[in-house]
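When a residue number appears, it is its place in the shown sequence, counting from 1. Order of appearance sets the numbers: ligands from 1, and atoms from 1 within every ligand.
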Amino acid sequence: MAVDCQIELAKMLLEMGQSHLFEHWPEPGVDDGEKKSFFDQVARLNASYPRGLASYIKNARKLLADSRAGKNPYDGFTPSVPSGEVLTFGDENFLKFEEAGIMEARNAAFVLVAGGLGERLGYNGIKLALPSETTTGTCFLQHYIESILALQDASCRLAQGQCQAQIPLVIMTSDDTHARTLELLESNAYFGMKPTQVKLLKQEKVACLDDNDARLAVDPRDKYRIQTKPHGHGDVHSLLYSSGLLNVWKDAGLKWVLFFQDTNGLLFKAIPASLGVSSIKQYHVNSLAVPRKAKEAIGGITRLTHADGRTMVINVEYNQLDPLLRATGYPEGDVNCETGYSPFPGNINQLILELGPYIEELTKTGGAIEEFVNPKYKDSSKTSFKSSTRLECMMQDYPKTLPPSARVGFTVMDTWLAYAPVKNNPEDAAKVPKGNPYHSATSGEMAIYRANNLILRKAGVKIDDPVIEVFNGQEVEVWPRIVWKPKWALTFAEVRSKVGGNCSITQRSTMVIKGRNIFLEDLTLDGTLIVNSVEDAEVKVGGSVQNKGWVLEKVDYKDTSISEEVRIRGFRIDKVEQSEMN
Ligand code: UGB
């Protein structure tokens with residue numbers, strides 16, 4: 001870096017009250033290399049934050065002062081129930097939205113936020129590499145890519161041969177995940193996607209703050225480094241904006257951007273219908289949501305109206321929603337209504353944005369998202385912190401800056417269909433109060449089987465009831481282990497068109513469907529059946545299949561002789577006997 005750039009940065013730091021950073025620097029000529037790398041880091045921090053590091057320090061001072069004063073960010077706002085679309089899986093309305101969503105998919109781009117390490121899960125790898133289920137061992141990234149490719153094909157088929165669409169996929173990584181994400185893609189030939197379809201954007205961490213004056217924290221291990229921590233998934237907006245990709249997509253005629261998280265094995269079952277909702281209802285912002293029990297620990301989608309007339313539809317974190325309701329004329333706070341659920345649907349943090357209005361908004365904001373700070377104070381005087389803090393931001397806070405004319409809605413789907421993230425380690429999951437979701441590798445895998453079974457049941461297949469089992473201290477429903485490749489079916493209409501006659505499946509069964517044109521007709525399955533087909537070959541599967549099958553064997557998460565991927569779910573699959581059809 002040129003010396004005058006270093007001088008500019010040093011001046012900025014001094015003006016912003018950061019002289020302590022240089023306090024212990026020896027005279028010129030000593031540690032010059034380290035000093036240079038200090039400025040390299042400052043330059044990176046400056047360039048990666050919308051409007052630079054000085055702006056970060058200013059924002060931090062304001063937010064820290066508000067936090068110290070105990071200011072509620074929702075002061076002056078009154079909550080009310082927003083309007084959105086509540087879908088019932090498999091009914092006419094649902095089918096209509098699914099069809100519209102498949103039509104639109106060729107105009108979509110997908111953005112996967114995967115910069116988080118998942119400390120709560122305590123898994124040593126990146127979460128995208130974790131198997132979503134262990135019947136086939138398909139990892140989350142493979143499942144996501146295959147789902148996008150299947151959407152692309154299904155959408156193009158509807159366009160009747162006119163379509164060359166290659167749906168783009170952006171993956172936001174961080175220093176914690178970047179190299180391993182790239183390696184996962186490269187060592188698996190991008191799971192069938194063209195490498196040019198996939199772009200990785202790496203988020204930078206932000207500077208840590210030592211006190212209420214927003215003095216930047218020096219790294220305890222290196223006096224020439226500023227300590228940094230992740231800024232949160234909200235970075236995705238400024239990264240997309242600065243990458244220039246949004247305009248490339250617009251020029252290519254794309255219309256939608258879909259944001260999603262790293263470990264939800266069900267998400268793509270909900271994508272076609274929710275994209276259809278965005279398209280038919282012309283939503284600029286569509287948040288996917290699930291029914292939420294009052295006070296359940298997920299954010300609620302809420303309309304907020306300010307005394308000064310401002311209004312927004314936004315996720316309000318559960319610990320803020322209940323007090324906000326109590327303070328604004330709802331003495332009982334967040335309570336279930338006649339449906340048995342809170343009227344405020346639960347945010348699952350999957351967003352569908354219309355590209356045009358999104359670009360317009362980011363052109364104004366540069367992609368900056370309203371931030372928050374969460375210092376852990378030493379005592380009630382709130383004058384010092386237990387450890388350094390930093391500003392954070394969340395991608396779902398994007399609508400906070402939108403004008404009231406923006407069409408912001410949501411789509412509620414059944415939880416069993418749309419949401420089963422893998423976030424918690426076995427020990428913590430086992431402590432989750434009964435009836436609440438575990439969000440563990442165990443529950444995430446079982447939820448995939450459950451959803452597939454419920455979909456097949458709705459399509460007319462007779463399936464035994466699940467049995468209840470306990471793995472790693474978590475009580476779960478065990479359904480037949482049925483999985484299919486996304487290209488077999490993405491929508492309910494597709495599933496229905498591929499199932500006929502009288503099919504039945506016993507609880508101890510496993511079925512894997514790997515090809516596109518596989519039709520189940522009068523199949524009786526009691527055991528394990530794997531069906532393969534080469535591209536576009538038609539395979540009819542019927543008759544009685546019976547064998548010893550694949551058996552779930554319990555394992556303990558503490559048993560380190562077993563791989564981490566397996567033991568965190570509390571079972572492994574013993575592949576005793578199977579039938580294969582090709
Ligand atoms: N992520 C990043 O890409 N970068 C970061 O700096 C941090 C995370 P978590 P969180 O699904 O129930 C969210 O940690 O943030 C990625 C919503 O905010 O799994 O605690 C990371 O890789 C919350 O409202 O979740 O909570 C992952 O893909 C609720 O909806 C994603 O961001 C909650 O998810 C989420 O990170 C939920």
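Taking a cut-off of under 4.0 Å to the non-hydrogen atoms of R120, the atoms of ligand 1 that pass are 9 (P), 10 (P), 14 (O), 19 (O), 20 (O), 25 (O). Numbered from 1 in the order shown, with element, the atoms of ligand 1 that lie under 4.0 Å from a heavy atom of D262 read 21 (C), 22 (O), 27 (C), 28 (O). Near G115, with a cut-off below 4.0 Å to any heavy atom, the atoms of ligand 1 are 2 (C), 3 (O), 4 (N), 22 (O).
Of the protein's non-hydrogen atoms, the one nearest atom 15 (O) of ligand 1 is H233 NE2, 3.0 Å. Remark: minimum distance from atom 17 (C) of ligand 1 to any protein heavy atom is reached at N349 ND2, 3.2 Å. The protein heavy-atom contact nearest to atom 16 (C) of ligand 1 is V113 O, 3.7 Å. Regarding atom 1 (N) of ligand 1, its nearest protein heavy-atom neighbour is G116 N, 3.5 Å. Closest to atom 35 (C) of ligand 1 among all protein heavy atoms lies Q261 OE1, 3.4 Å.
Polar contact with ligand 1: absent for I348 (N/O pair, distance under 3.5 Å).
Under a 4.0 Å heavy-atom criterion, A114 is in contact with ligand 1. Residue contacts with ligand 1: E317 is included, with a non-hydrogen atom under 4.0 Å away. Residue contacts with ligand 1 include Q203, since one of its heavy atoms falls under 4.0 Å from the ligand. Using a 4.0 Å heavy-atom cutoff, G232 is listed among the residues neighbouring ligand 1. The shortest separation from a heavy atom of Y419 to ligand 1 is under 4.0 Å, placing the residue in contact.
For the side-chain contact (heavy atoms from CB on, under 4.5 Å) criterion with V373, the lone passing option out of N59, D66, L391 is L391. Just one residue in the list V42, I57, L53 forms a side-chain contact (heavy atoms from CB on, under 4.5 Å) with Q18, and that residue is I57.
When atom types are taken as modelled, the side chain of Y241 and the backbone of L246 share no donor-acceptor pair closer than 3.5 angstrom. Under the 3.5 Å distance criterion, the side-chain polar atoms of N188 are matched with a main-chain donor or acceptor of L184. Judged by distance alone, the side chain of K293 and the main-chain N or O of G340 form a donor-acceptor pair under 3.5 Å.
Checked against a 6.0 Å centroid threshold, the rings of H284 and Y398 do not count as neighbours. Between F89 and F492, the distance separating the two ring centers is shorter than 6.0 angstrom. Less than 6.0 angstrom separates the ring centroid of F260 from the ring centroid of Y144.
The side chain of P230, and not its backbone, has at least one atom closer than 4.0 Å to an atom of ligand 1 (non-hydrogen atoms only; side chain from C-beta on). Contacts with ligand 1 closer than 4.0 Å are made by side-chain heavy atoms of Q396 only, the backbone lying farther away.
Of the listed options H439, H231, K423, K423 places a heavy atom closest to atom 33 (C) of ligand 1.
The existence of a salt bridge linking R44 and D40 is excluded, since no basic side-chain nitrogen approaches an acidic carboxylate oxygen closer than 4.0 Å.
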Check step by step if salt bridge (Lys or Arg N to Asp or Glu O under 4.0 Å) holds for E183 and R180. CA-CA 5 Å; E183 143 79 15; R180 285 179 287 175; over 6 Å; no
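A 4.5 Å side-chain heavy-atom check between V313 and L402 finds every atom pair outside the cut-off.
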